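Below you'll find the structure, written out as structure tokens, and then a few comments.
Computed from a predicted model, the values in this text were never measured in an experiment.
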Amino acid sequence: MDGHDPCFSCSSISPLSSSSSSSSSSSTLFTVSREARTEKTLATFTDPTSIFSVLGPKMVAQDFTVDLSKPLVFQVGHLGEDYQEWVHQPIVSKEGPRFFDSDFWEALTRTKWWAIPLIWLPVVTWSISRSVRMGLELPRLVLMMAIGIFVWTLMEYSLHRFLFHIKTKTYWGNTIHYLLHGCHHKHPMDGLRLVFPPAGAAVICVPLWNLIKFLSTPTTAPALFGGGLLGYVMYDVTHYYLHHGQPSSKVPRNLKKYHLNHHFRIQDMGFGITSSLWDRVFGTLPPSKAPGKSR
């Protein structure tokens, strides 16, 4: 699935991409030059747009420099309000940055794409088989799985739009956002940080399973959960392919172009990964032409 050229049409789609790691040291530094922030910590509680604004005091620094040759996670928080500009200036490189000094924590941030189907498809099979053993008929089984997949597509869109693209400016807000999704926008071709780490996915699965059990019947709950989990596997594998695959047919080529447009042109629209369905429904479908090119 790796393909030949990891940046499909990036040369024509990415005016923001930076030079590779072999360029001069000035290309690996991002300096913030602003007046020191003097707002009181209490002010962070008045921002209704950010769930991260209450996570701690603003530990931003004046004239702070991010050094991409050093572990990044605990640097990016110091950017303060300038973090949003920095993180949406992508660096196109197969080599991702180091996150942590600790080799243990660093390893947890890196995941091969094939680990997702290898780990989760057996869980999907087991979950669906539970409904079968409890006597769920085939037509209803297929329906429950289809509903699970459909609900996942809405979750995919909602998480991407409202959580992964939330605006942050505090130290811990920026740090957590970078770990969740900011790192992917800064280094979109980092193949080891494209899919969601299994440990994190397992933690999320527990409350989702309990919610599904509460909302459905004992017979249908496993099929619904299995369908939703299958939708997630399809999403993560598709996401990797859109970045590193070389599709030859029209539909996947258009989907790849659609997603790279989100990374390199209009980053506040086009939140769908496996389809543009919910972008069409909620009005976040990007224009067909780049701004400034329409007649």
For [X], which residues count as a side chain to side chain donor-acceptor pair (under 3.5 Å) partner, sequence neighbours excluded?
X: Y178; result: none
X: S158; result: none
X: H185; result: H165, H181, H262

- Task: Mind running side chain to side chain contact (heavy atoms under 4.5 Å, CB included) on L255 and T238 for me, showing each step along the way?
- Result: CA-CA 10 Å; L255 195 58; T238 299; 4.3 Å; yes
- Query: Taking the six-membered ring for Trp, are H259 and H263 parallel (under 30°), tilted (30 to 60°) or perpendicular (over 60°)?
  - Reply: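 Geometry flag for H263 against H259: perpendicular rings.
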- Item | W278 and F271 aromatic centres sub-6.0 Å | no
- Message: Is it the case that the ring center of Y157 lies less than 6.0 angstrom away from the ring center of F282?
- Response: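 Under 6.0 Å, so yes.
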Indicate yes or no: at least one non-hydrogen side-chain atom of [X] is less than 4.5 angstrom from one of [Y].
X: Y232; Y: I149; value: no
X: Y240; Y: D236; value: no
X: C205; Y: L229; value: yes
X: L208; Y: M155; value: yes

- Query: In terms of hydrophobic clustering (I, L, V, M, F, W, Y; side-chain heavy atoms under 4.5 Å; direct or indirect links), are V151 and V281 co-clustered?
  - Reply: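 No.
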- Give the cluster check for M234 versus W113: same hydrophobic cluster or not, with ILVMFWY residues linked at side-chain heavy-atom distances below 4.5 Å.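 Shared cluster, yes.
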Minimum heavy-atom distance [X]-[Y], with the two atoms named:
X: I273; Y: E156; value: N-OE2, 2.8 Å
X: P222; Y: S131; value: CB-OG, 3.3 Å
X: A223; Y: L136; value: CB-CD2, 4.0 Å
X: E106; Y: P97; value: OE2-O, 4.0 Å
X: P198; Y: I116; value: CG-CD1, 4.5 Å
X: I266; Y: P286; value: CD1-CB, 4.1 Å

- Item | Pairs meeting criterion side chain to side chain donor-acceptor pair (under 3.5 Å) with involvement of residues 200-214, two or more places apart |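 Residue pairs passing side chain to side chain donor-acceptor pair (under 3.5 Å), neighbours aside: none found.
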- Query: According to the side chain to side chain donor-acceptor pair (under 3.5 Å) rule, which pairs have a member within residues 132-149, sequence neighbours left out?
  - Reply: S129-R133
- Query: Taking everything shown except R98 itself, do over 12 heavy atoms lie less than 6.0 Å from its CZ?
  - Reply: yes
- Message: Checking H243 against H184 for the ring pair (Phe, Tyr, Trp, His ring centres under 6.0 Å) test, could you report, in this order, the C-alpha distance in whole Å, the side-chain angles of both residues, the deciding distance, and whether it holds?
- Response: CA-CA 11 Å; H243 280 264; H184 178 51; 4.7 Å; yes
- Query: Does the side chain to side chain donor-acceptor pair (under 3.5 Å) test come out yes or no for H78 and Y83, once each step is laid out?
  - Reply: CA-CA 8 Å; H78 294 294; Y83 166 76; over 6 Å; no
- Task: Please test F99 against W105 for ring pair (Phe, Tyr, Trp, His ring centres under 6.0 Å), starting from the C-alpha separation and ending with a verdict.
- Result: CA-CA 8 Å; F99 277 19; W105 292 111; over 10 Å; no
- Verdict with supporting geometry, W114 and Y241, ring pair (Phe, Tyr, Trp, His ring centres under 6.0 Å): CA-CA 11 Å; W114 45 260; Y241 182 69; over 10 Å; no
- Query: With sequence neighbours left out, what residues match D279 under salt bridge (Lys or Arg N to Asp or Glu O under 4.0 Å)?
  - Reply: none
